[in-house]
> 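Right, I'll just put the structure down here and ask away after.
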Amino acid sequence: MTEPKTKKKSRRKLILATLILIVVAVSGRGFYLHRRDTPLGIQTDKVARRQLTELVVANGRIQPVLQVKISPEVSGEIIDLPVKEGQAVKKGDLLLRIKPDFYKASCRSAEASFKAAESGCILAAANRSKAGIESRRNEDLFRSKLVSDSVFLEVKTTLEVAEASFQAARQQVEVARAALARAEEELAKTTIFSPINGTVSKLTSQSGERVVGTAMMTGTEVMTIANLDDMEARVDIGEIDVVLIATGQIARLEVDAFRDRKFSGVVTEIANSSKGLGQPGGNNGNGGQSQDATRFEVKIRISEKEAFRPGMTVNASIETRSRTNVLTVPFQSVTTRLPKNTNAVPTNAVASSSASSNGMSRADVKAREAGRPIEVVFVLEADQVKALPVTRGISDENFTEILAGLTEGQEIVSGGYKAINRDLEDGKRVKKDGAPPSKAAR
(Lines give C-alpha, C1' and ligand atoms only; values in the text may rest on other atoms or scores of the structure.)
Protein backbone atom coordinates (compact mmCIF):
# COMPACT_ATOMS: atom_id res chain seq x y z
CA MET A 1 0.00 0.00 0.00
CA THR A 2 2.85 2.40 0.71
CA GLU A 3 4.61 1.88 -2.62
CA PRO A 4 1.69 3.07 -4.82
CA LYS A 5 1.24 6.15 -2.62
CA THR A 6 4.97 7.00 -2.94
CA LYS A 7 4.83 6.59 -6.73
CA LYS A 8 1.77 8.84 -6.93
CA LYS A 9 3.49 11.58 -4.89
CA SER A 10 6.62 11.40 -7.09
CA ARG A 11 4.49 11.55 -10.24
CA ARG A 12 2.66 14.60 -8.91
CA LYS A 13 5.94 16.39 -8.10
CA LEU A 14 7.30 15.63 -11.55
CA ILE A 15 4.16 16.97 -13.23
CA LEU A 16 4.21 20.10 -11.05
CA ALA A 17 7.90 20.79 -11.82
CA THR A 18 7.24 20.29 -15.54
CA LEU A 19 4.34 22.74 -15.45
CA ILE A 20 6.48 25.33 -13.62
CA LEU A 21 9.28 25.00 -16.23
CA ILE A 22 6.75 25.42 -19.06
CA VAL A 23 5.30 28.55 -17.44
CA VAL A 24 8.77 30.04 -16.88
CA ALA A 25 9.84 29.28 -20.47
CA VAL A 26 6.67 30.79 -21.93
CA SER A 27 7.01 33.89 -19.72
CA GLY A 28 10.69 34.32 -20.61
CA ARG A 29 10.01 33.96 -24.32
CA GLY A 30 7.16 36.45 -24.05
CA PHE A 31 9.38 38.91 -22.19
CA TYR A 32 12.15 38.45 -24.77
CA LEU A 33 9.76 38.95 -27.69
CA HIS A 34 8.25 41.97 -26.01
CA ARG A 35 11.66 43.47 -25.36
CA ARG A 36 12.81 42.67 -28.90
CA ASP A 37 9.73 44.28 -30.41
CA THR A 38 9.88 47.36 -28.13
CA PRO A 39 11.49 50.23 -30.07
CA LEU A 40 14.77 51.45 -28.55
CA GLY A 41 15.12 55.20 -27.99
CA ILE A 42 18.02 56.76 -29.91
CA GLN A 43 19.42 60.07 -31.16
CA THR A 44 20.57 60.51 -34.74
CA ASP A 45 22.89 62.68 -36.79
CA LYS A 46 23.87 63.02 -40.45
CA VAL A 47 27.01 61.89 -42.22
CA ALA A 48 28.54 65.24 -43.20
CA ARG A 49 31.73 66.70 -44.59
CA ARG A 50 33.94 68.56 -42.14
CA GLN A 51 37.51 69.64 -41.54
CA LEU A 52 39.32 67.51 -38.96
CA THR A 53 42.53 68.11 -37.08
CA GLU A 54 43.88 65.15 -35.15
CA LEU A 55 45.25 65.97 -31.71
CA VAL A 56 47.63 64.09 -29.44
CA VAL A 57 47.10 65.16 -25.83
CA ALA A 58 49.84 64.85 -23.22
CA ASN A 59 50.76 66.20 -19.81
CA GLY A 60 54.09 67.45 -18.58
CA ARG A 61 55.92 70.34 -16.97
CA ILE A 62 57.43 73.64 -18.02
CA GLN A 63 61.22 73.87 -17.99
CA PRO A 64 63.74 76.45 -19.25
CA VAL A 65 65.20 75.81 -22.68
CA LEU A 66 68.65 76.64 -21.30
CA GLN A 67 69.65 75.76 -17.77
CA VAL A 68 73.00 74.87 -16.23
CA LYS A 69 73.56 72.80 -13.12
CA ILE A 70 76.48 74.17 -11.10
CA SER A 71 78.64 71.51 -9.46
CA PRO A 72 82.22 72.25 -8.31
CA GLU A 73 85.06 70.27 -9.86
CA VAL A 74 87.07 70.38 -6.60
CA SER A 75 86.06 69.45 -3.08
CA GLY A 76 86.12 71.66 -0.04
CA GLU A 77 84.22 74.08 2.17
CA ILE A 78 82.12 76.88 0.71
CA ILE A 79 83.45 80.13 2.19
CA ASP A 80 81.59 82.57 -0.03
CA LEU A 81 78.07 82.22 -1.52
CA PRO A 82 76.92 85.71 -2.58
CA VAL A 83 73.74 84.64 -4.47
CA LYS A 84 70.23 83.68 -3.37
CA GLU A 85 67.53 81.58 -4.99
CA GLY A 86 65.57 83.67 -7.49
CA GLN A 87 68.39 86.17 -7.95
CA ALA A 88 69.25 87.32 -11.47
CA VAL A 89 72.88 86.89 -12.46
CA LYS A 90 74.96 87.82 -15.50
CA LYS A 91 77.63 85.84 -17.25
CA GLY A 92 80.88 86.17 -15.25
CA ASP A 93 79.26 87.01 -11.89
CA LEU A 94 80.70 85.27 -8.83
CA LEU A 95 78.54 82.34 -7.72
CA LEU A 96 80.62 80.69 -4.99
CA ARG A 97 84.13 80.31 -3.64
CA ILE A 98 85.61 77.19 -2.05
CA LYS A 99 88.29 77.39 0.65
CA PRO A 100 91.55 77.51 -1.36
CA ASP A 101 94.19 76.80 1.33
CA PHE A 102 94.84 73.18 0.34
CA TYR A 103 95.03 74.05 -3.36
CA LYS A 104 97.37 76.99 -2.73
CA ALA A 105 99.73 74.66 -0.86
CA SER A 106 99.57 72.14 -3.71
CA CYS A 107 100.31 74.92 -6.15
CA ARG A 108 103.38 76.06 -4.17
CA SER A 109 104.64 72.45 -3.93
CA ALA A 110 104.21 71.96 -7.66
CA GLU A 111 106.00 75.23 -8.35
CA ALA A 112 108.96 74.17 -6.17
CA SER A 113 109.13 70.82 -7.96
CA PHE A 114 109.12 72.60 -11.28
CA LYS A 115 112.00 74.87 -10.26
CA ALA A 116 113.96 71.87 -8.96
CA ALA A 117 113.43 70.10 -12.27
CA GLU A 118 114.65 73.16 -14.15
CA SER A 119 117.80 73.26 -11.98
CA GLY A 120 118.40 69.58 -12.61
CA CYS A 121 118.06 70.19 -16.33
CA ILE A 122 120.61 73.00 -16.18
CA LEU A 123 123.04 70.73 -14.29
CA ALA A 124 122.52 67.93 -16.81
CA ALA A 125 123.21 70.39 -19.64
CA ALA A 126 126.46 71.47 -18.00
CA ASN A 127 127.57 67.85 -17.53
CA ARG A 128 126.76 67.15 -21.15
CA SER A 129 128.89 70.14 -22.25
CA LYS A 130 131.78 69.00 -20.06
CA ALA A 131 131.57 65.47 -21.44
CA GLY A 132 131.49 66.84 -24.98
CA ILE A 133 134.67 68.87 -24.47
CA GLU A 134 136.43 65.87 -22.96
CA SER A 135 135.29 63.66 -25.82
CA ARG A 136 136.57 66.02 -28.50
CA ARG A 137 139.98 66.34 -26.74
CA ASN A 138 140.42 62.57 -26.46
CA GLU A 139 139.32 62.14 -30.07
CA ASP A 140 142.26 64.32 -31.19
CA LEU A 141 144.61 62.38 -28.93
CA PHE A 142 143.26 59.09 -30.25
CA ARG A 143 143.98 60.18 -33.83
CA SER A 144 147.53 61.00 -32.80
CA LYS A 145 147.68 57.60 -31.09
CA LEU A 146 148.45 59.21 -27.74
CA VAL A 147 145.58 57.39 -25.91
CA SER A 148 144.53 53.79 -26.01
CA ASP A 149 141.30 52.42 -27.46
CA SER A 150 139.85 51.67 -24.02
CA VAL A 151 140.34 55.23 -22.79
CA PHE A 152 138.77 56.65 -25.94
CA LEU A 153 135.71 54.33 -25.64
CA GLU A 154 135.29 55.22 -21.97
CA VAL A 155 135.22 58.94 -22.73
CA LYS A 156 132.76 58.43 -25.58
CA THR A 157 130.44 56.39 -23.31
CA THR A 158 130.59 59.14 -20.69
CA LEU A 159 129.33 61.62 -23.31
CA GLU A 160 126.42 59.34 -24.24
CA VAL A 161 125.44 58.98 -20.57
CA ALA A 162 125.55 62.76 -20.13
CA GLU A 163 123.31 63.21 -23.19
CA ALA A 164 120.77 60.69 -21.83
CA SER A 165 120.79 62.37 -18.43
CA PHE A 166 120.10 65.72 -20.09
CA GLN A 167 117.11 64.31 -22.04
CA ALA A 168 115.73 62.75 -18.85
CA ALA A 169 116.11 66.06 -17.05
CA ARG A 170 114.18 67.80 -19.82
CA GLN A 171 111.33 65.30 -19.47
CA GLN A 172 111.28 65.87 -15.73
CA VAL A 173 110.87 69.58 -16.41
CA GLU A 174 107.85 68.86 -18.63
CA VAL A 175 106.31 66.60 -15.97
CA ALA A 176 106.82 69.25 -13.31
CA ARG A 177 105.37 71.94 -15.60
CA ALA A 178 102.23 69.84 -16.17
CA ALA A 179 101.83 69.21 -12.44
CA LEU A 180 102.15 72.95 -11.79
CA ALA A 181 99.55 73.73 -14.46
CA ARG A 182 97.17 71.20 -12.92
CA ALA A 183 97.66 72.65 -9.43
CA GLU A 184 97.03 76.15 -10.74
CA GLU A 185 93.89 74.97 -12.56
CA GLU A 186 92.52 73.29 -9.41
CA LEU A 187 93.23 76.51 -7.48
CA ALA A 188 91.35 78.49 -10.11
CA LYS A 189 88.38 76.09 -9.88
CA THR A 190 87.83 77.04 -6.25
CA THR A 191 86.14 80.16 -7.62
CA ILE A 192 83.07 79.59 -9.81
CA PHE A 193 81.49 82.24 -12.04
CA SER A 194 78.15 82.19 -13.85
CA PRO A 195 78.46 80.66 -17.35
CA ILE A 196 75.25 82.31 -18.65
CA ASN A 197 72.85 85.17 -18.08
CA GLY A 198 69.93 83.87 -16.09
CA THR A 199 68.29 83.34 -12.72
CA VAL A 200 69.26 81.14 -9.79
CA SER A 201 66.26 78.85 -10.10
CA LYS A 202 67.46 76.35 -7.50
CA LEU A 203 69.92 76.65 -4.60
CA THR A 204 70.65 73.51 -2.59
CA SER A 205 73.80 74.44 -0.61
CA GLN A 206 74.79 77.18 1.83
CA SER A 207 77.91 78.87 3.05
CA GLY A 208 80.03 76.67 5.33
CA GLU A 209 78.84 73.44 3.75
CA ARG A 210 81.40 70.97 2.42
CA VAL A 211 80.90 69.90 -1.18
CA VAL A 212 82.29 67.04 -3.27
CA GLY A 213 83.97 67.74 -6.59
CA THR A 214 83.13 66.04 -9.88
CA ALA A 215 86.71 65.02 -10.70
CA MET A 216 86.32 61.38 -9.67
CA MET A 217 82.58 60.92 -8.99
CA THR A 218 79.20 62.62 -9.12
CA GLY A 219 79.73 65.91 -7.35
CA THR A 220 77.46 68.03 -5.20
CA GLU A 221 74.89 70.03 -7.17
CA VAL A 222 75.07 73.45 -5.52
CA MET A 223 72.62 75.40 -7.70
CA THR A 224 70.91 75.66 -11.06
CA ILE A 225 71.11 78.70 -13.32
CA ALA A 226 68.26 79.01 -15.84
CA ASN A 227 67.39 81.45 -18.58
CA LEU A 228 63.70 82.06 -17.88
CA ASP A 229 63.20 84.16 -21.01
CA ASP A 230 62.88 81.03 -23.21
CA MET A 231 60.68 78.28 -21.80
CA GLU A 232 59.50 74.95 -23.15
CA ALA A 233 56.96 72.30 -22.23
CA ARG A 234 58.37 68.81 -21.72
CA VAL A 235 55.55 66.29 -22.08
CA ASP A 236 55.45 62.49 -22.04
CA ILE A 237 53.80 60.76 -25.01
CA GLY A 238 53.03 57.05 -25.33
CA GLU A 239 54.71 54.83 -27.88
CA ILE A 240 51.52 54.53 -29.95
CA ASP A 241 51.18 58.31 -30.46
CA VAL A 242 54.85 59.31 -30.60
CA VAL A 243 55.17 58.02 -34.19
CA LEU A 244 52.65 60.72 -35.21
CA ILE A 245 54.77 63.53 -33.72
CA ALA A 246 57.22 65.51 -35.87
CA THR A 247 59.29 68.62 -35.28
CA GLY A 248 57.60 71.81 -36.37
CA GLN A 249 54.08 70.69 -35.46
CA ILE A 250 51.85 73.25 -33.75
CA ALA A 251 50.67 72.70 -30.17
CA ARG A 252 48.12 74.36 -27.91
CA LEU A 253 49.18 74.62 -24.28
CA GLU A 254 47.15 75.04 -21.10
CA VAL A 255 49.05 75.91 -17.93
CA ASP A 256 47.30 75.30 -14.63
CA ALA A 257 48.71 78.52 -13.18
CA PHE A 258 47.12 80.55 -16.03
CA ARG A 259 43.66 79.00 -16.30
CA ASP A 260 42.10 81.72 -18.42
CA ARG A 261 44.80 81.69 -21.09
CA LYS A 262 45.96 79.35 -23.82
CA PHE A 263 49.46 79.43 -25.22
CA SER A 264 50.90 78.26 -28.50
CA GLY A 265 54.06 76.31 -29.12
CA VAL A 266 56.11 74.37 -31.67
CA VAL A 267 57.55 70.87 -31.30
CA THR A 268 61.34 71.22 -31.30
CA GLU A 269 62.68 67.87 -30.11
CA ILE A 270 61.52 64.25 -29.81
CA ALA A 271 63.35 61.73 -27.64
CA ASN A 272 64.86 58.73 -29.42
CA SER A 273 64.74 56.55 -26.30
CA SER A 274 61.91 55.99 -23.86
CA LYS A 275 62.05 57.46 -20.39
CA GLY A 276 63.59 55.19 -17.79
CA LEU A 277 65.66 53.21 -20.32
CA GLY A 278 68.21 51.21 -18.37
CA GLN A 279 66.83 52.40 -15.01
CA PRO A 280 64.89 50.47 -12.38
CA GLY A 281 61.23 50.32 -13.31
CA GLY A 282 61.95 51.30 -16.90
CA ASN A 283 62.24 49.39 -20.15
CA ASN A 284 65.83 48.19 -19.98
CA GLY A 285 65.81 46.42 -23.32
CA ASN A 286 66.67 43.05 -21.75
CA GLY A 287 63.21 41.59 -21.96
CA GLY A 288 62.28 42.78 -18.46
CA GLN A 289 58.69 43.78 -17.89
CA SER A 290 58.03 47.39 -16.94
CA GLN A 291 55.09 48.26 -14.74
CA ASP A 292 54.85 51.74 -16.27
CA ALA A 293 53.74 52.52 -19.80
CA THR A 294 56.52 53.26 -22.26
CA ARG A 295 56.70 57.02 -22.82
CA PHE A 296 58.89 59.40 -24.79
CA GLU A 297 59.73 62.98 -23.86
CA VAL A 298 58.74 65.64 -26.39
CA LYS A 299 59.87 69.25 -26.07
CA ILE A 300 57.60 72.10 -27.17
CA ARG A 301 58.98 75.64 -27.39
CA ILE A 302 56.47 78.16 -25.97
CA SER A 303 55.92 81.17 -28.23
CA GLU A 304 54.51 83.62 -25.66
CA LYS A 305 56.47 85.31 -22.90
CA GLU A 306 54.99 84.96 -19.44
CA ALA A 307 56.08 84.62 -15.83
CA PHE A 308 56.48 80.87 -16.08
CA ARG A 309 58.35 79.04 -13.38
CA PRO A 310 60.19 75.75 -13.80
CA GLY A 311 58.05 72.78 -12.81
CA MET A 312 54.62 74.26 -13.61
CA THR A 313 52.10 71.70 -14.84
CA VAL A 314 51.09 71.94 -18.50
CA ASN A 315 48.61 70.16 -20.76
CA ALA A 316 49.56 70.05 -24.45
CA SER A 317 47.41 69.29 -27.49
CA ILE A 318 49.65 68.65 -30.50
CA GLU A 319 48.16 68.94 -34.00
CA THR A 320 49.46 65.90 -35.86
CA ARG A 321 47.33 65.44 -39.01
CA SER A 322 44.64 67.50 -40.73
CA ARG A 323 41.97 66.64 -43.32
CA THR A 324 39.69 68.99 -45.27
CA ASN A 325 36.23 68.19 -46.68
CA VAL A 326 36.09 64.58 -45.51
CA LEU A 327 33.13 62.42 -44.50
CA THR A 328 32.68 62.43 -40.74
CA VAL A 329 30.40 61.05 -38.05
CA PRO A 330 30.26 61.78 -34.31
CA PHE A 331 33.04 59.99 -32.50
CA GLN A 332 30.64 57.96 -30.36
CA SER A 333 28.74 56.61 -33.39
CA VAL A 334 31.48 54.10 -34.23
CA THR A 335 31.39 50.91 -32.20
CA THR A 336 32.43 47.26 -32.61
CA ARG A 337 30.44 44.09 -33.14
CA LEU A 338 31.37 40.45 -33.68
CA PRO A 339 30.63 39.26 -37.22
CA LYS A 340 27.52 37.06 -37.39
CA ASN A 341 28.58 34.92 -40.35
CA THR A 342 32.26 34.59 -41.09
CA ASN A 343 31.73 31.96 -43.80
CA ALA A 344 29.71 34.33 -45.96
CA VAL A 345 32.71 36.53 -46.67
CA PRO A 346 34.88 35.47 -49.66
CA THR A 347 38.61 35.19 -49.17
CA ASN A 348 41.84 35.57 -51.12
CA ALA A 349 41.30 36.98 -54.63
CA VAL A 350 37.59 37.63 -54.15
CA ALA A 351 38.10 39.61 -50.94
CA SER A 352 38.98 42.90 -52.62
CA SER A 353 35.93 42.97 -54.89
CA SER A 354 33.64 41.94 -52.03
CA ALA A 355 35.10 44.63 -49.80
CA SER A 356 34.33 47.27 -52.42
CA SER A 357 30.77 46.06 -52.84
CA ASN A 358 29.79 46.08 -49.16
CA GLY A 359 31.89 49.07 -48.04
CA MET A 360 34.40 47.05 -46.03
CA SER A 361 38.13 47.55 -46.27
CA ARG A 362 40.44 44.60 -46.86
CA ALA A 363 41.52 44.81 -43.19
CA ASP A 364 37.86 44.57 -42.11
CA VAL A 365 37.39 41.54 -44.33
CA LYS A 366 40.38 39.81 -42.75
CA ALA A 367 39.11 40.72 -39.27
CA ARG A 368 35.71 39.25 -40.11
CA GLU A 369 37.30 36.10 -41.51
CA ALA A 370 39.24 35.68 -38.28
CA GLY A 371 36.14 36.24 -36.17
CA ARG A 372 37.51 39.41 -34.60
CA PRO A 373 35.24 42.40 -33.81
CA ILE A 374 34.81 44.88 -36.67
CA GLU A 375 33.95 48.57 -36.50
CA VAL A 376 30.40 49.43 -37.50
CA VAL A 377 28.03 52.39 -37.65
CA PHE A 378 24.26 51.92 -37.24
CA VAL A 379 22.33 53.57 -40.09
CA LEU A 380 18.66 54.45 -39.62
CA GLU A 381 16.34 52.89 -42.23
CA ALA A 382 12.65 53.68 -41.52
CA ASP A 383 12.09 52.38 -37.97
CA GLN A 384 15.05 49.96 -37.96
CA VAL A 385 18.83 50.20 -37.89
CA LYS A 386 21.35 48.49 -40.09
CA ALA A 387 24.94 47.84 -39.00
CA LEU A 388 27.36 48.91 -41.73
CA PRO A 389 31.09 48.05 -41.47
CA VAL A 390 33.25 51.17 -41.78
CA THR A 391 36.89 52.09 -42.10
CA ARG A 392 37.99 54.96 -39.91
CA GLY A 393 40.63 57.62 -40.59
CA ILE A 394 41.77 60.37 -38.23
CA SER A 395 39.73 61.78 -35.36
CA ASP A 396 39.47 64.96 -33.37
CA GLU A 397 37.76 65.59 -30.04
CA ASN A 398 34.21 65.25 -31.47
CA PHE A 399 34.23 63.60 -34.90
CA THR A 400 35.97 60.79 -36.74
CA GLU A 401 36.75 60.44 -40.43
CA ILE A 402 35.05 57.66 -42.40
CA LEU A 403 37.16 56.36 -45.27
CA ALA A 404 34.74 53.69 -46.48
CA GLY A 405 31.33 52.30 -45.66
CA LEU A 406 29.08 55.40 -45.59
CA THR A 407 27.86 58.12 -47.95
CA GLU A 408 27.15 61.75 -47.31
CA GLY A 409 23.70 62.53 -45.90
CA GLN A 410 22.97 59.12 -44.39
CA GLU A 411 21.21 59.29 -41.02
CA ILE A 412 23.19 57.43 -38.40
CA VAL A 413 22.71 56.70 -34.70
CA SER A 414 24.67 59.07 -32.50
CA GLY A 415 23.25 58.21 -29.06
CA GLY A 416 22.78 57.12 -26.43
CA TYR A 417 25.97 55.50 -25.30
CA LYS A 418 24.38 52.32 -23.92
CA ALA A 419 22.32 51.76 -27.06
CA ILE A 420 25.28 52.07 -29.43
CA ASN A 421 27.76 50.07 -27.40
CA ARG A 422 25.50 47.25 -26.21
CA ASP A 423 21.80 47.21 -27.09
CA LEU A 424 21.66 47.92 -30.82
CA GLU A 425 21.92 45.10 -33.32
CA ASP A 426 21.29 44.69 -37.01
CA GLY A 427 17.51 44.98 -37.70
CA LYS A 428 16.69 46.38 -34.25
CA ARG A 429 13.53 48.54 -34.19
CA VAL A 430 14.12 52.03 -32.86
CA LYS A 431 12.48 55.39 -32.34
CA LYS A 432 14.00 58.80 -32.00
CA ASP A 433 13.90 60.15 -28.47
CA GLY A 434 11.09 62.68 -28.16
CA ALA A 435 9.21 61.21 -31.16
CA PRO A 436 6.26 58.76 -30.90
CA PRO A 437 6.88 55.24 -32.20
CA SER A 438 5.70 54.46 -35.71
CA LYS A 439 2.53 52.44 -36.35
CA ALA A 440 4.61 49.50 -37.40
CA ALA A 441 6.42 49.67 -34.12
CA ARG A 442 3.11 49.55 -32.27
> Apply the side chain to side chain contact (heavy atoms under 4.5 Å, CB included) test between I70 and each candidate in V200, V83, L96; give the one that qualifies.
L96
> Report yes or no: is the cationic atom of R177 (NZ for Lys, CZ for Arg) closer than 6.0 Å to the six-membered ring centre of F114, at no more than 45° off its axis?
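Ring-cation test returns no.
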> Within the 3.5 Å criterion, strictly below it, is a donor on Q167 or Q171 matched to an acceptor on the partner's side chain?
no
> Do V430 and P39 come close enough that some side-chain heavy atom pair is under 4.5 Å?
no
> Between the side chain of E186 and the main-chain N/O of A181, is any donor-acceptor distance below 3.5 Å?
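Not a single qualifying donor-acceptor pair exists.
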> So for atom CD, which belongs to E397, do other residues, nucleotides or ligands contribute more than 12 heavy atoms lying within a distance under 6.0 Å?
no
> Is a salt bridge present between E254 and R252, judged by a nitrogen-to-oxygen distance below 4.0 Å?
no
> Please determine, by modelled atom types, if T268 and R301 share a side-chain donor-acceptor pair under 3.5 angstrom.
no
> Please step through side chain to side chain contact (heavy atoms under 4.5 Å, CB included) for the pair L52 and R321, ending with a clear verdict.
CA-CA 8 Å; L52 296 184; R321 294 177 292 184; over 6 Å; no
> Donor-acceptor pair, D241 side chain versus V56 backbone, under 3.5 Å?
no
> Indicate the atoms forming the closest heavy-atom contact of F166 with A124, along with that distance.
CA-CB, 3.5 Å
> If you compare all heavy atoms of A162 against all heavy atoms of N127, which two are closest, and at what distance to 0.1 Å?
CB-O, 3.8 Å
> Test your reading of the model: is there a side-chain donor-acceptor pair from N421 to the backbone of Y417, 3.5 Å cut-off?
yes
> Donor-acceptor pair, distance only, cut-off 3.5 Å: does the side chain of S75 make one with the backbone of G213?
yes
> What distance separates L228 CG from R309 CZ, expressed to the nearest 0.5 Å?
9.5 Å
> For N272, does the CG atom sit with more than 12 other heavy atoms under 6.0 Å from it, leaving out its own atoms?
no
> More than 12 heavy atoms of other residues, nucleotides or ligands under 6.0 Å from CD of E154: yes or no?
no
> Verify whether one side chain among E54 and T320 offers a donor that lies under 3.5 Å from an acceptor in the other.
yes
> In Å, rounded to the nearest 0.5 Å, how long is the span from CG of D230 to CD of Q67?
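Answer for the CG-CD pair, D230 versus Q67, is 12.5 Å.
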> Does R323 offer a backbone N or O that forms a donor-acceptor pair with the side chain of R50 under 3.5 Å?
no
> Considering only NZ, NE, NH1 and NH2 on the basic side and carboxylate oxygens on the acidic side, decide whether E73 and K189 come within less than 4.0 Å.
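A salt bridge links E73 with K189.
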> Count the heavy atoms of every other residue, nucleotide or ligand shown that sit under 6.0 Å from CZ of F193, and state whether that count exceeds 12.
yes
> Are any of the side-chain nitrogens in E185 or R182 under 4.0 Å away from the carboxylate oxygens of its partner?
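No, this pair does not count.
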> Would R136 and E134 count as a salt bridge (Lys or Arg N to Asp or Glu O under 4.0 Å) if you check the C-alpha gap in whole Å, the side-chain angles of each, and the deciding distance to 0.1 Å?
CA-CA 6 Å; R136 288 190 293 273; E134 187 68 19; over 6 Å; no
> Within this structure, what is the CG-CD1 distance for the pair D423 and I42, rounded to the nearest 0.5 Å?
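That separation rounds to 12.0 Å.
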> Between Q384 and E381, is there a donor-acceptor pair closer than 3.5 Å when you use the side chain of the first and the backbone of the second?
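Side chain of Q384 to backbone of E381, a donor-acceptor pair under 3.5 Å: no, none is there.
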> Within a radius of less than 6.0 Å around CZ of R170, do more than 12 heavy atoms belonging to other residues, nucleotides or ligands occur?
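No, CZ of R170 has 12 or fewer neighbouring heavy atoms, counting only those of other groups under 6.0 Å.
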> Closest approach of M231 and I62, non-hydrogen atoms and distance?
CE-CG2, 3.5 Å
> For a 4.5 angstrom cut-off between non-hydrogen side-chain atoms, does Q43 reach K432?
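With C-beta onward as the side chain, the pair stays apart.
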> Does any part of the side chain of D426, heavy atoms only, come nearer than 4.5 Å to the side chain of V385, both counted from C-beta?
no
> Could you check whether E306 pairs with R261 (Lys NZ or Arg NE/NH1/NH2 to Asp/Glu carboxylate O, under 4.0 Å)?
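Salt bridge between E306 and R261, a charged N being under 4.0 Å from a carboxylate O: yes.
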> Applying salt bridge (Lys or Arg N to Asp or Glu O under 4.0 Å), run through K431 and D383 and close with a yes or a no.
CA-CA 6 Å; K431 71 180 182 66; D383 62 346; over 6 Å; no
> For P373, does its backbone N or O pair with a side-chain atom of T336 as donor and acceptor, under 3.5 Å?
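Between the backbone of P373 and the side chain of T336 there is no qualifying donor-acceptor contact (under 3.5 Å).
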> More than 12 heavy atoms of other residues, nucleotides or ligands under 6.0 Å from CZ of F102: yes or no?
no
> In Å, rounded to the nearest 0.5 Å, how long is the span from CG of L159 to CG of N138?
11.0 Å
> Indicate the atoms forming the closest heavy-atom contact of T335 with I420, along with that distance.
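For T335 and I420, the tightest heavy-atom pair comes out as CG2-O, 3.5 Å.
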> Please determine whether side chain to side chain contact (heavy atoms under 4.5 Å, CB included) holds for the pair T44 and I412, giving the CA-CA distance in whole Å, both sets of side-chain angles, and the decisive distance to 0.1 Å.
CA-CA 5 Å; T44 63; I412 50 97; over 6 Å; no
> Measure from the side-chain N and O atoms of T204 to the backbone N and O of V222, and report whether any donor-acceptor pair falls under 3.5 Å.
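Present.
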> How about E221 and S71: does a side-chain donor come under 3.5 Å of a side-chain acceptor?
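Checked: E221/S71 side chains show no N/O donor-acceptor pair below 3.5 Å.
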> Is a side-chain N or O of D93 found less than 3.5 angstrom from the main chain of K90, in a donor-acceptor match?
yes
> Centre of F378's six-membered ring, under 6.0 Å away, within 45 degrees of the axis: is that where NZ or CZ of R337 sits?
no
> Once rounded to the nearest 0.5 Å, what's the spacing between atom CD of Q87 and atom CE of M223?
9.5 Å
> Do S264 and E304 pair up side chain to side chain, a donor and an acceptor below 3.5 Å, judged on atom types alone?
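The answer is yes; a qualifying pair exists.
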> So does K305 have more than 12 non-hydrogen atoms from other groups sitting under 6.0 Å from NZ?
yes
> I need the minimum non-hydrogen distance between L403 and R392, along with the two atoms involved.
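L403 and R392 have their closest heavy atoms at CD1-O, 3.6 Å.
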> I would like to know whether I237 and F296 meet side chain to side chain contact (heavy atoms under 4.5 Å, CB included); could you show each step before the answer?
CA-CA 5 Å; I237 294 181; F296 295 79; 5.5 Å; no
> Under a 4.5 Å cut-off applied to non-hydrogen side-chain atoms, are V57 and S317 in contact?
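Result yes, sub-4.5 Å side-chain heavy-atom pair found.
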> Is the shortest side-chain heavy-atom distance between M312 and F258 below 4.5 Å?
yes
> What closest approach, in Å, do S201 and A226 show between heavy atoms, and which atom pair accounts for it?
OG-CB, 3.8 Å
> Quick one, L406 and L388 - any side-chain contact, counting heavy atoms below 4.5 Å?
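Side chain of L406 against side chain of L388, heavy atoms only: contact under 4.5 Å found.
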> I300 vs L253, test: side chain to side chain contact (heavy atoms under 4.5 Å, CB included). Steps then yes/no.
CA-CA 9 Å; I300 304 170; L253 307 173; 4.3 Å; yes
> Just so I know, are the side chains of V329 and T400 near enough to count as touching, which here means a heavy-atom distance under 4.5 Å?
yes
> So, taking the atom named CZ in R97 and the one named CD1 in I192, what distance separates them when rounded to the nearest 0.5 Å?
11.0 Å
> When you check the gap from the basic side-chain N to the acidic O, do R295 and E239 get nearer than 4.0 Å?
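So R295 does not pair with E239 through a salt bridge.
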> Going by heavy atoms in the side chains, are T328 and V47 under 4.5 Å from each other?
no
> S119 side chain to K115 main-chain N or O, any donor-acceptor pair under 3.5 Å?
yes
> May I ask you to say whether K202 pairs ionically with E85, meaning some side-chain N is under 4.0 Å from a carboxylate O?
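A salt bridge is absent here (no side-chain N lies under 4.0 Å from a carboxylate O).
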